[in-house]
Engineer: 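First the structure, then my questions, so here it is.
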Amino acid sequence: HPGSGSGRKIFWPQTSTCTRPGSLQPDEHRPAPDRPAVRFDGTETTDRFPLELPGQRQFDIVGLGANAWDTLIPIPKHPARDEKVRYKSFSRAIGGQTAVALSIAASCGFRCAYLGGVGDDEEGVRIQAALVELGLDISGLKVRPGGQSQVAFILVDEKTAHRTIVWGRSDGMIISP
C-alpha cells in the first residue's frame, strides 16, 4: 500500500483553479504552510518537498516511454470462441501511456518533449505525424530501421467498456533511460 509505514510519499491538496504553464509565481506550487498535505494512507503531514523550478526551461514535461498506433473498435459484445461479431465503426489514434499523457498535457498548454522509438514503417510515420500535430517535440524520437512500430487493436464492449487489446512491436521500440 503506497505511503504506508515510515514512507514519506505525499501528495498536495488540490487547488480549485487550473493554471497554465508560466502562470505560477515562485511559491504558488506549494500548499499554504498552514494547510497540511495528505499522505497516500490518509494521514496529514506538514512535511514539504524542497521543490525548486528552474527559471528558464525548454520543456515543462519530458516523457520517456511507450507509443502506439491504436485502432479502437467498439463492439456490441465480446465474442465467444469461434463467434463473429460485427462492428459499425472504428477509429485510429495515437496510443501508448507516455504518448497519450504527453498529448493531454500539450493540449493544456504545457511544452512537452517525447523520447521513444518507432519503426520506419507506415505506422511509425503516422505516430510521428500525430505527435507533432498534437504539439509534442519529437527530436528525441528514435526511428529504428526495419523495426515494427507498436500497433494495437482494441475491442471495446459498448455496454461495459471492457476491452481486449491485441498488440505487437519489434524489440527496441522502448528506449531505456
Side-chain angles (χ1 to χ4, degrees), residues 1-14 18 38-43 59-177:
H1 180 265
S4 60
S6 62
R8 295 173 55 110
K9 296 180 181 178
I10 61 174
F11 62 92
W12 303 121
Q14 293 183 350
C18 179
V38 180
R39 290 189 174 109
F40 286 107
D41 65 2
T43 60
F59 302 107
D60 299 305
I61 304 170
V62 176
L64 168 68
N67 68 68
W69 189 248
D70 287 352
T71 300
L72 296 133
I73 308 168
I75 55 177
K77 68 177 186 113
H78 273 77
R81 179 176 290 188
D82 295 328
E83 180 184 13
K84 294 181 181 181
V85 174
R86 184 175 181 174
Y87 67 89
K88 295 178 184 173
S89 66
F90 67 91
S91 62
R92 292 189 173 120
I94 192 71
Q97 297 92 333
T98 304
V100 169
L102 289 173
S103 298
I104 293 167
S107 73
C108 291
F110 290 92
R111 297 168 296 172
C112 299
Y114 175 74
L115 309 173
V118 295
D120 61 355
D121 54 1
E122 185 178 329
E123 289 78 15
V125 171
R126 288 180 178 154
I127 290 168
Q128 292 177 69
L131 292 172
V132 169
E133 183 179 330
L134 292 165
L136 278 66
D137 179 288
I138 61 167
S139 59
L141 184 75
K142 303 296 181 199
V143 178
R144 305 290 192 199
Q148 176 191 341
S149 300
Q150 183 166 319
V151 174
F153 299 91
I154 306 168
L155 303 176
V156 182
D157 187 304
E158 293 171 336
K159 292 180 182 92
T160 66
H162 291 137
R163 57 195 179 130
T164 299
I165 303 172
V166 180
W167 66 277
R169 69 168 179 249
S170 295
D171 291 337
M173 293 301 110
I174 300 294
I175 296 176
S176 299

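None of the values given here were measured: they were computed from a predicted structure.
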Engineer: Looking at L72, is its backbone amide N or carbonyl O close enough to the side chain of D70 to form a donor-acceptor pair, meaning the two atoms are under 3.5 Å apart?
Structural biologist: no

Engineer: Is L102 close to I104 at the side-chain level, that is, under 4.5 Å between some pair of heavy atoms?
Structural biologist: no

Engineer: Walk me through whether E83 and K77 qualify under salt bridge (charged side-chain N to carboxylate O under 4.0 Å, His left out).
Structural biologist: CA-CA 11 Å; E83 180 184 13; K77 68 177 186 113; 2.8 Å; yes

Engineer: How far apart are the closest heavy atoms of A99 and S103, and which atoms are they?
Structural biologist: O-OG, 2.7 Å

Engineer: Identify the heavy atoms of E158 and P74 that sit nearest to each other, and give their distance.
Structural biologist: OE2-CB, 3.6 Å

Engineer: Is there side-chain contact between I75 and V156, with at least one heavy-atom pair below 4.5 Å?
Structural biologist: no

Engineer: Going by the side-chain contact (heavy atoms from CB on, under 4.5 Å) test, name the single residue among D121, N67, L141 that passes it with I127.
Structural biologist: N67

Engineer: Side chains of V62 and C112: closer than 4.5 Å at any heavy-atom pair?
Structural biologist: no

Engineer: Measure the spacing between NE2 of H162 and CG of D157 and express it to the nearest 0.5 Å.
Structural biologist: 7.5 Å

Engineer: Side-chain contact, heavy-atom cut-off 4.5 Å: L134 with I94?
Structural biologist: yes

Engineer: Would a 4.5 Å heavy-atom cut-off, applied to side chains only, mark T164 and H78 as touching?
Structural biologist: yes

Engineer: Strictly distance-based, threshold 3.5 Å: is any side-chain N or O of S170 a donor or acceptor partner for the main-chain N or O of G147?
Structural biologist: no

Engineer: Looking at Q97, I want to see if its CD is surrounded by more than 12 non-hydrogen atoms of other residues, nucleotides or ligands under 6.0 Å.
Structural biologist: no

Engineer: Is a donor on one side and an acceptor on the other found under 3.5 Å between the side chain of Y114 and the backbone of G65?
Structural biologist: yes

Engineer: How long is the gap from CD on Q148 to CD on E122, to the nearest 0.5 Å?
Structural biologist: 12.5 Å

Engineer: Does some side-chain heavy atom of W167 sit less than 4.5 Å from a side-chain heavy atom of V151?
Structural biologist: no

Engineer: At what distance, to the nearest 0.5 angstrom, does CZ of R111 lie from CZ of F59?
Structural biologist: 8.5 Å

Engineer: Check whether any side-chain heavy atom of R144 lies under 4.5 Å from a side-chain heavy atom of R169, and answer yes or no.
Structural biologist: no

Engineer: Which atom pair, heavy atoms only, marks the closest approach of G140 to L115?
Structural biologist: CA-CD2, 3.6 Å

Engineer: Is there a side-chain contact between Q128 and V118 in this structure, where contact means two heavy atoms from C-beta onward sitting under 4.5 Å apart?
Structural biologist: yes

Engineer: Between the side chain of T98 and the main-chain N/O of G63, is any donor-acceptor distance below 3.5 Å?
Structural biologist: no

Engineer: How far does CZ of R92 sit from CD1 of I73, to the nearest 0.5 angstrom?
Structural biologist: 8.5 Å

Engineer: State which residues pass side chain to side chain donor-acceptor pair (under 3.5 Å) with R163; sequence neighbours excluded, sorted by chain then number.
Structural biologist: none

